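Structure, as structure tokens:
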Amino acid sequence: MDEYNYNLPVSKLLNQGDCRKSTVNWPNYLELGLSQEHIPELIRMFTDEALYWADSENLEVLTPMHAWRTLGQLQSVEAIEPLLEQLYRIDDDDDDWIGEEFPEVFSMIGPQAISSLSSYLAAGYGLFAKICVAKSIEKIGNQYPESKEQCVEILTKQLEKYHQNDQTLNGFLISYLVDLQAVDSIGVIRKAFQHECVDYSIQGDIEDAEIILGIRESRSTPPLNFKWMFDNDRQASNTSFIRTEAKVGRNDPCPCGSGKKYKKCCLKKA
């Protein structure tokens, strides 16, 4: 591990073990003696290509996760832009861990990340990178009530581009606005549905959204019932799944029963 050239106490993260077992309750990395003065080295660590492409059988390949978690716990504003620069890995390298954990990291950093997240959402690269950023904005809005209105405004503004957005992105934007109880955004939410620019498998249809927002008490039409069907060329010919109350995560098993992850199957065919 000496070949990675990190100083104490940052180098302690090289042998922290399998952090994937603690995806909810992260260790308190600051107990290792890490502090604000170590932020530059921690940024270098989570962007270290040698670590990122290390032998998958060796646990040091997970070191970047320890580093970005630590930066979140340090509420490192300096890490915001370097974190955003790594988002391309979600789409290009199929890096699930960045997609799963960066929203938590950004929410730890807090409202100071909002401006940069907003800029990325408007002009950034990659469908799932943008979804990750939108989720980060939602988490900040729910965690910091004083920033909720700003976060709702950013997500709503992006949803106003429903004709330009991917339908999957629109579905997640609506999901996050619903999570923020953004009742005042119902106008643009309705328009996105009316123009058929939404992947229903994310949040459901407009009636589902209105019920959760408290705008209507019950459905006036039958519940959604989708079934994915594909022709011999593997082209989507119909949508498919029976929606339950729980949302389907991109890394969950696909409801069509293929055995693949949702993101690898029907989500990309929506």
Side-chain angles (χ1 to χ4, degrees), residues 4 6-48 51-52 60 62-90 95-124 126 128-155 158 172 176 179-180:
Y4 294 114
Y6 290 96
N7 300 310
L8 288 170
V10 175
S11 60
K12 293 180 181 179
L13 296 179
L14 290 165
N15 57 11
Q16 279 300 295
D18 192 347
C19 51
R20 295 169 298 186
K21 297 177 181 178
S22 55
T23 57
V24 177
N25 298 313
W26 296 353
N28 182 359
Y29 293 98
L30 306 190
E31 292 180 348
L32 298 174
L34 294 159
S35 63
Q36 297 289 326
E37 67 180 291
H38 303 114
I39 286 175
E41 196 168 9
L42 288 165
I43 292 174
R44 180 168 70 87
M45 176 173 274
F46 87 79
T47 59
D48 190 332
L51 282 169
Y52 192 85
E60 58 258 33
L62 302 175
T63 302
M65 291 179 67
H66 295 298
W68 70 54
R69 289 178 176 187
T70 305
L71 288 163
Q73 291 178 356
L74 288 169
Q75 297 182 299
S76 172
V77 174
E78 302 94 323
I80 294 171
E81 292 302 327
L83 286 164
L84 290 173
E85 290 171 1
Q86 296 298 306
L87 287 175
Y88 76 92
R89 296 189 187 276
I90 303 175
D95 192 317
D96 293 338
W97 294 110
I98 286 180
E100 295 290 338
E101 297 214 347
F102 272 29
E104 183 64 28
V105 175
F106 282 121
S107 71
M108 287 179 168
I109 295 172
Q112 293 185 85
I114 292 176
S115 178
S116 295
L117 289 168
S118 177
S119 297
Y120 193 100
L121 182 61
F128 291 110
K130 287 188 173 184
I131 291 171
C132 174
V133 166
K135 177 61 178 177
S136 302
I137 293 170
E138 176 267 312
K139 285 184 71 70
I140 293 172
N142 271 317
Q143 188 168 334
Y144 301 89
E146 71 277 11
S147 298
K148 180 176 178 178
E149 183 176 350
Q150 182 184 8
C151 292
V152 167
E153 181 180 356
I154 291 168
L155 296 177
Q158 186 64 39
F172 278 103
Y176 300 148
D179 289 342
L180 286 163

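Keep in mind that what you see is a predicted model, and the values were worked out from it rather than measured.
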Using only atom types and a distance under 3.5 Å, with no angle test, would you say the side chain of [X] pairs donor to acceptor with the backbone of [Y]?
X: S119; Y: S115; result: yes
X: Q36; Y: L74; result: yes
X: Q86; Y: I98; result: no
X: Q73; Y: P27; result: yes

Pairs where residues 27-42 contributes a residue and the test salt bridge (Lys or Arg N to Asp or Glu O under 4.0 Å) is met, not counting sequence neighbours: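 Every pair satisfying salt bridge (Lys or Arg N to Asp or Glu O under 4.0 Å) with a residue in residues 27-42: E41-R44.
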Item to check | Audit row: V77, I80, side-chain contact (heavy atoms from CB on, under 4.5 Å) steps and yes/no | outcome: CA-CA 6 Å; V77 174; I80 294 171; 3.9 Å; yes
As an exercise, state the distance from [atom1] of [X] to [atom2] of [Y], rounded to the nearest 0.5 Å.
X: L71; Y: M108; atom1: CG; atom2: CE; answer: 11.0 Å
X: L14; Y: L62; atom1: CG; atom2: CG; answer: 11.5 Å
X: I90; Y: I131; atom1: CD1; atom2: CD1; answer: 9.0 Å
X: C151; Y: Y144; atom1: SG; atom2: OH; answer: 10.5 Å
X: Y4; Y: L13; atom1: OH; atom2: CG; answer: 14.0 Å
X: L180; Y: I137; atom1: CG; atom2: CD1; answer: 10.0 Å

Residue pair A122 / Q158: nearest heavy atoms and the distance that separates them: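 It is CA-OE1, 3.5 Å.
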Nearest heavy-atom approach of S147 to I140 is CB-CG2, 4.5 Å
Hey, does [Y] have a side-chain heavy atom less than 4.5 Å from the side chain of [X]?
X: P9; Y: H38; answer: yes
X: L121; Y: L155; answer: yes
X: Y6; Y: L51; answer: yes
X: Q16; Y: T63; answer: no
X: L87; Y: C132; answer: yes
X: S107; Y: S136; answer: no

*Judged by modelled atom types alone, do E81 and S116 share a side-chain donor-acceptor pair under 3.5 Å?*
yes
The test is side-chain contact (heavy atoms from CB on, under 4.5 Å); show your working for W26 and V105 and say whether it passes.
CA-CA 11 Å; W26 296 353; V105 175; 3.8 Å; yes
Ring pair (Phe, Tyr, Trp, His ring centres under 6.0 Å) filter on F102, not counting sequence neighbours, yields W68
Residue set satisfying ring pair (Phe, Tyr, Trp, His ring centres under 6.0 Å) with H66, at least two apart, ordered chain then number -> Y29
| Does NZ or CZ of R69 fall inside the cone over F46's six-membered ring, less than 6.0 Å from its centre and within 45° of the axis? |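 No, cation not above the ring by the 6.0 Å, 45° rule.
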Check side-chain hydrogen bond (donor to acceptor under 3.5 Å, both in side chains) between [X] and all other residues, then give those that pass, not counting sequence neighbours.
X: K148; value: none
X: E153; value: none
X: Q150; value: none

Notebook entry, point to check: Does E149 CD have over 12 foreign heavy atoms under 6.0 Å away?
Noted result: no
Item checked: Y120/L83 under side-chain contact (heavy atoms from CB on, under 4.5 Å): CA gap, chis, key distance, verdict -> CA-CA 11 Å; Y120 193 100; L83 286 164; over 6 Å; no
Practice problem: Evaluate side-chain contact (heavy atoms from CB on, under 4.5 Å) for F172 paired with K130, printing each intermediate quantity in order. | Solution: CA-CA 10 Å; F172 278 103; K130 287 188 173 184; over 6 Å; no
